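Worksheet: the structure to be examined is printed underneath.
Numbers restart at 1 for each chain; the letters A, B, ... are given by sequence-line order, proteins then strands. Quick caveat: nothing in here was measured; it's all calculated off a predicted structure.
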Amino acid sequence: MSQEESPITRRQMLGDATRYAALGGIGSLSAWLFYKRSGQAAAACPSSSSTCGECSQAAGCRLPQIWQIDPNRCIACDRCQTNCVLDLSAVKAVNCFALCGYCDNCTGYFPTKDYVLDTGAENQLCPTGAIARMYIDKQGGVPYFEYTIDESLCIACGKCVVGCRLMNGSLYLQVRHDRCLNCNECSIAVACPAEAFCRVPADSPRLLSRAAQAAEEALARKRSSHDKSSKGIEMRVGGTS
Amino acid sequence: MPLVLLLLVFAAVRTVCAADLFPTPEFSNHPIPQSQTPAPRPSWSEYLDLTLLAAALAAASFFAVKGRSRTGLFLLSIVSLAWLGFWRKGCLCPIGAIQNVTQALFDKDYVAGGLVIAVFVLPLVFTLFFGRSFCASVCPLGAVQELVAVRPVQVPTWIDHALGLLAYIYLGAAVLFAATGSAWIICRYDPFVGLFRLTSSASMLALGAGFLGVGLIIGRPYCRWLCPYGAILALLSRVSWWHLRIPPKQCVQCRLCEDACPYGAIVRPTVTPSPIEQRAARRRLIVVLCAAPLLIATGTMLGFGMRTSLARMHPTVQLAEQIRLEETGRVKTRSDATEVFRGKGDSVESLYASADKVVENFAWGGALFGGWVGLVFAFKLVQLSIRRRRTDYEPDQGACVSCGRCLWYCPEEHTRQEFIQIQQREEPLNHA
């Protein structure tokens, strides 16, 4: 036994062994993670609990990456307003025009209690006046109005969503991805009492309620048949058909 | 009251005749618009992020190991703070990625994205080769603490060693809660992310301000004592192929760098112990080695005992607890969560069963976590009892974040940069 050399060489050997073992460990970990990722990406939808809603993207499920609210589960409490890490929540109310009734007496625009049919701010349900009401047409003596949401004003309190659910339910809350930071752990999702938050594939960042989905499909069908009959060519197919 | 009744009737009618309560009118001169959906960040930006991260890591490693440039490291840390911190809002984060990776390992339905995997793995690989250059000037959390460390004082070694254990315990807890699908505590209690976003809850902002305030006089408190990713990196950095060296070539034992490190990461040369001391040290090591299994066993038992309280972090257990309170009549009002649960029509028993299953998971998880904490303590004790022979002043590769503050203190470095010229003497200087 050479007492002089052995500790150094032994330490070097141990060090090298540890280094290569660590490198191998990191390599196999990442290889496994990527393998699982590729396997999951190819799997048929709906396989994963990370996706939710009706999962309308039936052809080849993509990786769930970004946060979205499932309107079928959303109860439109006001937690989206206060729990987002942003000062002004990344969640906004959205109107599905294909489902909207264009009502004069809109229960998403006017309060259902003590309401005055006047667009003065004090008469509106929206606390920030974020809903614009625009006169469109009069049919059979009934006036119709279009309601669009100014997203810079919307605070995601959900009052209009609750109001609209008394009627058609065309207003719904959605995460807007031009604002959302896509946090690792969405702090609204943590606070959500209805488990309405889930991750969806980045290339289809929208989740619709069943009724809204049906209305959009019906509108698209109507449009395509109209285009076919009037011009004889398929001009456009909106949404999923 | 009549109004409420009316609304109830409305709601009932609405459920009966599905959607077409008020059909969408058809206008001759106004097409029905499509509601817009803003697109998320495009996927090429992910590749850009990844390339920039790799470039920053490579630059930091070069400055630390080859270039020996504190200025380079410092400027790079400012760039990283601006880019990863304030521009990307702390959202490209290897520290948080621990949880993605953990959940991907334990939850069969969860997959980590490619970017997340790469962001987790890249700094590990760089650390294994070049030491903690990621901590030096790529991590925005490290950068902000590096910038505020203006008057750092030396922390007593025993405090440093003791608090350093917290990082490993925090790592264990983060893995436990991510593996059980309970919570991502690293993201939830990130003290600096509120600063990067310039908004957060008051308590988290106060915590961040507290860390920065303490950071003025105690260098990098979060990195040294809490960062769970730093804990992993410390292990890898200990065996790294290359690492930042204090003297460029050879240590001249001038002791000038002795107090240079604000993070207590410079270890001194050892003196040869007397035979009596050696015997005492050997005895201590034997005692510690015997105590180690005891520590691990105690930790395991304590962790197992804490399973129900640990499981309270899980949303299902929380909901089951609320429901139980309502069922037993101890709580009269219902919360939104319990309303939703009752609206779904699932049976209370099935909820209790799934909550019990979570607690069962925590029996395993808690025991493992406790065992881990015991192991951390035992490992520290063993490490303190082993005497390494050192002849030079060296960075403690585990604790050193390669910030390069010590380089300037080394006269050999001044010589290397030709700030001082050495005249060759016939005889060596006679040290008093």
Side-chain angles (χ1 to χ4, degrees), chain A residues 15 18-19 22-23 26 29-30 33-34 36-37 40-41 47-50 63 65-66 75 77 85-87 94-103 112-113 136-137 139 144 146 166-169 176-178 180-185 187 190 193-195 202 205-206 211 214-215 219 238-239, chain B residues 3 7 10-11 14 18-25 27-30 32-35 37-41 43 89 91 93 96-97 99-101 104-105 109-114 117-118 120-121 124-125 128 183-184 187-188 193-194 197 199-200 235-236 239-241 315 335-337 339-340:
Chain A
T18 326
R19 275 184 274 273
L23 197 60
I26 296 171
L29 172 71
S30 47
L33 288 171
F34 273 109
K36 183 175 183 185
R37 180 175 174 274
Q40 195 75 22
S47 62
S48 140
S49 63
S50 322
L63 283 174
Q65 288 163 341
I66 52 174
I75 58 164
C77 59
V85 295
L86 297 170
D87 266 347
V94 181
N95 193 2
C96 174
F97 297 102
L99 185 62
C100 181
Y102 285 75
C103 312
T112 39
K113 208 172 157 188
I136 301 294
D137 201 4
Q139 291 179 358
Y144 287 101
E146 191 165 274
L166 296 169
M167 305 291 230
N168 282 9
R176 300 312 248 175
H177 291 102
D178 50 345
C180 177
L181 296 173
N182 199 21
C183 295
N184 228 348
E185 184 187 54
S187 54
V190 173
E195 293 172 3
R206 193 170 67 141
L219 183 68
Chain B
L3 194 88
L7 292 184
F10 255 132
R14 179 170 153 25
D20 278 9
L21 194 60
F22 297 98
T24 311
F27 305 114
S28 52
N29 54 352
H30 180 79
I32 303 292
Q34 178 91 30
S35 41
T37 311
R41 289 163 45 82
S43 58
K89 313 263 186 215
C91 274
C93 179
Q99 302 157 124
N100 300 60
V101 169
L105 285 174
D109 288 331
Y110 179 83
V111 281
I117 301 172
F120 177 73
V121 167
L124 295 183
V125 174
L128 190 55
W184 288 15
C187 297
R188 210 175 281 186
V193 78
R197 291 167 179 164
T199 167
S200 186
L235 294 177
L236 291 175
V239 295
S240 70
W241 261 281
S335 72
D336 280 346
E339 285 283 1
V340 169

By side chain to side chain contact (heavy atoms under 4.5 Å, CB included) - contacts of A:Ala215 (at least two apart): A:Ala98, A:Leu99
Quick check: closest heavy atoms across B:Pro33 and A:Glu146, and the distance to 0.1 Å? CD-OE1, 3.4 Å
Quick one: what part of A:Leu23 sits under 4.5 Å from any heavy atom of chain B, side chain, backbone, both or neither? both
Examine whether an atom of B:Leu105 lies under 4.5 Å from a heavy atom of chain A, and if so say whether it belongs to the side chain, the backbone or both; otherwise answer neither. both
Please classify the contact between A:Val94 and chain B as side chain, backbone, both or neither, with a heavy-atom cut-off of under 4.5 Å. side chain
With a 4.5 angstrom heavy-atom cut-off, is it the side chain or the backbone of B:Ser240 that approaches chain A, or both, or neither? backbone
Shortest non-hydrogen separation from B:Phe27 to A:Gln139 and the atoms involved: CD2-NE2, 3.7 Å
Does any heavy atom of chain A fall under 4.5 Å from the side chain of B:Leu124, the backbone, both, or neither of them? both
Residue B:Ile32 versus chain A: region with a heavy atom under 4.5 Å: both
Within the distance-only criterion (no hydrogens, no angle test), does the side chain of B:Lys89 pair as donor or acceptor with the backbone N or O of A:Leu181 below 3.5 angstrom? no
Cut-off 4.5 Å, heavy atoms of chain A, and the answer for B:Ala39 is backbone
Can you name the salt bridge (charged side-chain N to carboxylate O under 4.0 Å, His left out) partners of A:Arg176, sequence neighbours left out? A:Glu151
